[in-house]
Amino acid sequence: MIDFKTIFSIAIRAIRANKMRSILTSLGIIIGVAAVIVMLSIGHGAQVSIQNEMKTMGSNLIIIRSGVATSSGARGGHGSQPTMKASDGDAIQEKISKIRLAAPVLEETTQIVYGNANWSTGVTGTDSRMFEIKEWDLAYGRMFSPADVKNSNKVAILGQTVVNELFGDVDPLGKTIRIKGMPFQVIGVLVARGQSGMGMDQDDVVYIPITTAQKKVMGISFPDQVKFIMLQAVDAESTYTAQEEITQLLRQRHNLGANKEDDFVIRNLTQMMEMMENSTKIMTILLGAIASISLLVGGIGIMNIMLVSVTERTREIGIRMAIGAKAWDIRWQFLMESLVLSLIGGLVGVIIGLVGSQMVSMFTSLSAKVSLLYVLLPFSFAGLVGLFFGFYPAYKASLLNPINALRYE
């Protein structure tokens with residue numbers, strides 16, 4: 001029976017007897033494990049950022065924008081043809097069962113004034129469904145009521161950045177701000193969300209009722225006009241299957257003949273986010289694979305040093321065989337040394353990798369997120385590398401002839 005405890009003790013003594021060589025031998029493993037952890041953590045951080053972006057935007061989203069206007073042969077961009085109406089969104093929500101909510105949106109950047117303070121920010125006209133879709137709660141105050149929308153009341157809900165810039169430490173609730181010279185009463189303040197994954201300040205915004213934006217603030221050209229409609233499907237699968245129904249309904253409402261192209265554009269944000277997330281996963285795998293090459297190089301280094309060690313310790317091997325050691329005892333002795341070197345290097349690499357990931361997050365714009373899997377994976381791989389590349393030197397040592405080994409100078 002193989003005495004692994006004794007073999008382990010012999011391996012530790014052999015490693016300690018050549019400390020500098022052991023450190024240099026493990027260096028490739030240390031660098032490889034650390035590199036894999038850092039690279040996988042960066043990729044994982046990118047995935048988490050995309051997932052957080054999806055959460056702040058809302059789930060199962062579809063956006064419908066106005067189409068492209070053409071004038072004298074010149075085609076404008078998407079949204080240049082004012083074809084979308086708030087009533088289109090209401091019809092979609094009512095008639096298409098796969099759509100849970102539909103919120104109309106008008107946007108414009110303008111100057112907001114309170115007392116002697118002013119701030120340029122985005123003003124968004126919408127209704128309370130927008131906050132349900134985005135799953136955005138109030139820190140305090142109230143949402144828009146049906147009466148606010150019906151009567152085009154001049155009320156506003158503020159993001160935290162606007163509150164900080166205009167009011168400082170003053171409670172904004174009930175105060176009056178001016179948008180394009182018109183007084184608006186602050187009725188609510190949203191919970192702070194911080195920056196989006198794209199680096200945009202989500203709290204730098206003012207919301208007003210959609211009808212107020214249409215009639216009093218943004219000077220739209222056509223009644224009930226909106227910039228786009230944000231839809232929330234009942235589930236992720238419905239964002240794909242509902243698009244055809246939405247297209248048919250809107251073509252019917254906009255009186256588009258069979259030969260006319262759509263005067264609207266549908267964008268599936270769920271699909272876009274899934275594509276970004278899949279791309280990030282592929283990037284993470286590639287980064288991990290590239291970094292793993294360092295582990296293989298480290299394994300080759302271990303094999304070379306172990307071959308040198310077998311040559312240097314030929315007489316020791318001969319003595320052990322002469323007093324009764326079996327071939328497997330010799331193999332396990334060198335396999336154990338190779339494994340211990342790899343695991344020690346792997347442990348040091350894990351520590352350096354964890355510290356490196358923290359430094360990446362602290363000193364760069366990248367977000368490195370460490371998970372237990374991304375630590376155990378390279379550490380386990382380091383052990384396998386040690387066993388794989390240590391096998392040939394161990395096998396070679398076990399084939400030595402005891403008599404020739406004892407005569408070796």
Side-chain angles (χ1 to χ4, degrees), residues 58 63 65-66 79 82 84-90 93 101-193 200-232:
I63 286 182
R65 293 186 177 273
S66 297
M84 295 308 301
K85 298 180 179 180
S87 55
D88 288 330
D90 295 335
Q93 181 177 326
L101 292 169
V105 180
L106 270 174
E107 293 179 327
E108 186 178 288
T109 299
T110 189
Q111 208 74 14
I112 312 297
V113 178
Y114 172 72
N116 296 325
N118 67 89
W119 183 250
S120 178
T121 187
V123 175
T124 301
T126 188
D127 59 31
S128 59
R129 288 175 292 184
M130 171 62 74
F131 305 105
E132 289 188 62
I133 290 173
K134 299 187 74 159
E135 300 174 0
W136 202 349
D137 297 326
L138 288 172
Y140 50 91
R142 69 174 179 85
M143 290 289 185
F144 300 134
S145 67
D148 290 329
V149 177
K150 181 179 179 181
N151 300 325
S152 306
N153 291 340
K154 289 185 283 189
V155 293
I157 296 173
L158 309 183
Q160 193 61 54
T161 297
V162 178
V163 172
N164 295 338
E165 296 296 336
L166 291 183
F167 295 93
D169 297 330
V170 177
D171 183 359
L173 209 60
K175 301 296 189 300
T176 299
I177 62 174
R178 291 190 173 274
I179 303 175
K180 291 189 174 181
M182 290 177 283
F184 280 73
Q185 183 184 30
V186 178
I187 62 171
V189 175
L190 293 162
V191 172
R193 279 198 165 176
M200 298 177 62
D201 185 355
Q202 299 179 92
D203 302 313
D204 191 6
V205 68
V206 174
Y207 287 98
I208 61 176
I210 181 65
T211 51
T212 309
Q214 290 170 330
K215 298 175 182 179
K216 301 178 180 180
V217 177
M218 299 184 187
I220 62 173
S221 305
F222 302 95
D224 204 25
Q225 176 187 334
V226 295
K227 187 173 183 180
F228 63 88
I229 297 171
M230 182 173 285
L231 309 176
Q232 184 181 51

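Starting from 1, each residue takes its place in the sequence as its number. Since the model is a prediction, treat every value here as computed from it, not as a measurement.
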To the nearest 0.5 Å, tell me how far K215 NZ sits from D224 CG.
9.0 Å
Between Q160 and V189, is there a side-chain heavy-atom distance shorter than 4.5 Å?
yes
Which of these, D204, T110, I112, T109, sits in a side-chain contact (heavy atoms from CB on, under 4.5 Å) with S120?
T109
Residues I63 and M230: closest non-hydrogen pair is CD1-CE, 3.9 Å
pair I177-L158: side-chain heavy atoms closer than 4.5 Å:
yes
Looking only at non-hydrogen atoms, find the nearest pair between L101 and E132 and report the distance.
CD1-CB, 3.6 Å
Keeping the roles fixed (side chain from D148, backbone from S145), state whether a donor-acceptor pair exists under 3.5 Å.
yes
Taking every heavy atom of I187 against every heavy atom of M143, the minimum-distance pair comes out as CD1-O, 3.9 Å
Under the side-chain contact (heavy atoms from CB on, under 4.5 Å) rule, what do I210 and F144 come out as? Steps first, then yes or no, please.
CA-CA 10 Å; I210 181 65; F144 300 134; over 6 Å; no
Nearest heavy-atom neighbours spanning P104 and V226:
CB-CG1, 3.7 Å
Looking at side-chain heavy atoms only, is the closest gap between K134 and R193 below 4.5 Å?
yes
On a heavy-atom basis, the closest approach of Q214 and Q225 is NE2-O, 3.0 Å
Quick one: pull up CE in M182 and CD1 in I208 and give me the separation to the nearest 0.5 Å.
7.5 Å
Side-chain heavy atoms of L190 within contact of I157, under 4.5 Å:
yes
Are the side chain of T211 and the backbone N or O of K150 linked by a donor-acceptor pair below 3.5 Å?
no
Heavy atoms, side chains only, cut-off 4.5 Å: are V123 and M218 in contact?
yes
What is the minimum heavy-atom distance between I229 and M84, and which atoms define it?
CD1-CE, 3.5 Å
The test is side-chain contact (heavy atoms from CB on, under 4.5 Å); show your working for Y140 and D171 and say whether it passes.
CA-CA 10 Å; Y140 50 91; D171 183 359; 3.7 Å; yes
CH2/W119 to CG/L166 distance, rounded to the nearest 0.5 angstrom?
8.5 Å
With under 30° as parallel and over 60° as perpendicular, where do the rings of Y207 and F131 fit, or are they tilted in between?
perpendicular
I'd like to know if the side chain of T212 reaches the main chain of K154, judged simply by a donor and an acceptor atom lying under 3.5 Å from each other, with no hydrogens or angles considered.
no
Which value, rounded to the nearest 0.5 Å, describes the distance between K180 atom NZ and Q111 atom CD?
12.0 Å
Output for pair (D88 CG, Q93 CD), nearest 0.5 Å, gives 13.0 Å
When you measure from the side chain of R129 to the backbone N and O of A102, does any donor-acceptor pair fall under 3.5 Å?
yes
To the nearest 0.5 Å, how far apart are OG in S128 and CZ in R142?
11.0 Å
